[in-house]
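Remarks on the structure that follows.
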Amino acid sequence: QVQLVESGGGLVQAGGSLTLSCAASGRTFDTRVMGWFRQSPGKEREFVAFILWSGVTTYYKDSVKGRFTISRNIAKNTVYLQMNSLKPEDTAVYYCAASTRDYSSTYRSRDGAEYGYWGQGTQVTVSS
């Protein structure tokens, strides 16, 4: 079992920045890929970014490339999502997720079904 707790959400004006954190505990040594997803009211959950626990590979949703940065601190068992130049369309509940499956492709790691563990979510609201 892997437990995930997100923090860092809040209200920010368009153009502002926020950093989300995801603290992992439990069998973190089984973790292979960490991802961030988001869900807005009335919309399906969507992929935002993922990082291999080894840190070798990162991947982003096209609309956040150049604005968001995913990183991890192995010593702290924590994954971060640095979000800059925020837009109102970034408003959503952001979820951290962990996969214990070996990484195989960007296609699979963009799929929420690949992840067996999820946090409770943190709200990000960007005002115009």
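What you are looking at is a predicted structure, and each value in this text was computed from that prediction instead of being measured. Numbers here simply count residues along the sequence, with the first being 1.
No hydrogens or angles considered: a donor-acceptor pair under 3.5 Å links the side chains of T125 and Q123. No side-chain donor-acceptor contact under 3.5 Å links T78 and N73. Counted by atom type alone, Q82 and T19 present one or more donor-acceptor pairs between their side chains at under 3.5 Å.
N84 contributes atom CG, which lies 9.0 Å from atom CZ of R67 (distance to the nearest 0.5 angstrom). Here OG of S99 is found 12.5 Å from CH2 of W53. Values are rounded to the nearest 0.5 Å. We find the CZ-OG1 distance between R72 and T58 to be 10.5 Å, quoted to the nearest 0.5 Å. Between atom CD of residue E6 and atom SG of residue C22 there is a gap of 5.5 Å, rounded to the nearest 0.5 Å. In this structure, the separation between CD on E89 and OG on S128 is 10.0 Å, given to the nearest 0.5 Å.
Using a distance-only test at 3.5 Å, with no hydrogens or angles considered, no donor-acceptor pair links the side chain of R110 to the main chain of Y60. Formation of a donor-acceptor pair under 3.5 Å by the D90 side chain with backbone atoms of K87 is found in this model. T28 places no side-chain N or O within 3.5 Å of a backbone atom of S25 that could act as its donor or acceptor partner. Judged purely by atom type and a 3.5 angstrom limit, S109 has no side-chain atom pairing as donor or acceptor with the backbone of T106. Distance alone, capped at 3.5 Å, places no donor-acceptor pair between the S40 side chain and the K43 backbone.
Ion pairing of R27 with D30 is present here, as a side-chain N (NZ or NE/NH1/NH2) and a carboxylate O approach within less than 4.0 Å. With respect to K65 and D62, a salt bridge is recorded, a charged nitrogen being found less than 4.0 Å from a carboxylate O.
Linking Ile, Leu, Val, Met, Phe, Trp and Tyr whenever their side-chain heavy atoms come within less than 4.5 Å puts M34 and I70 in one cluster. Cluster membership for V126 and Y94, using ILVMFWY side-chain heavy atoms within less than 4.5 angstrom, is shared. At a threshold of 4.5 Å between side-chain heavy atoms, the hydrophobic network of Ile, Leu, Val, Met, Phe, Trp and Tyr places F50 and V79 in two separate groups. Linking ILVMFWY residues whenever their side-chain heavy atoms come closer than 4.5 Å, directly or via other members, leaves F47 and M83 in distinct clusters. Linking Ile, Leu, Val, Met, Phe, Trp and Tyr whenever their side-chain heavy atoms come within less than 4.5 Å puts I51 and W36 in one cluster.
When the salt bridge (charged side-chain N to carboxylate O under 4.0 Å, His left out) test is applied to E46, the partners found at least two apart in sequence or on another chain are R38, K61.
Other residues, nucleotides and ligands contribute more than 12 heavy atoms inside 6.0 Å of the CD atom of Q120. For K76, the NZ atom counts as loosely surrounded, since its 6.0 Å shell holds 12 or fewer non-hydrogen atoms of other residues, nucleotides or ligands. Around the OH atom of Y107, the shell of radius 6.0 Å holds no more than 12 heavy atoms that belong to other residues, nucleotides or ligands.
Nearest heavy-atom pair, L4 versus A24, reported as atom, atom and distance to 0.1 Å: CD2-CB, 3.7 Å. Closest non-hydrogen pair, S17 versus S85, comes out as OG-N, 4.4 Å. Scanning all heavy atoms of the two residues, the minimum distance from A49 to L81 falls at CB-CD1, 4.3 Å. Summarising the geometry of A98 relative to V2, their closest heavy-atom pair is CB-CG1, 4.4 Å, with the distance given to 0.1 Å.
No side-chain heavy atom of T122 sits under 4.5 Å from any side-chain heavy atom of V93. Between Y80 and L20, the closest side-chain pair of non-hydrogen atoms is not below 4.5 Å.
In this structure, Y115 and F37 have perpendicular ring planes: the angle between them is above 60°, well past the 30° mark. The aromatic rings of W118 and Y95 stand perpendicular to each other, their planes meeting at an angle above 60°, with 30° marking the opposite boundary.
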- [ ] Show the numbers, then the answer: is there a side-chain contact (heavy atoms from CB on, under 4.5 Å) between F68 and L86?
- [x] CA-CA 9 Å; F68 291 11; L86 283 162; 3.9 Å; yes
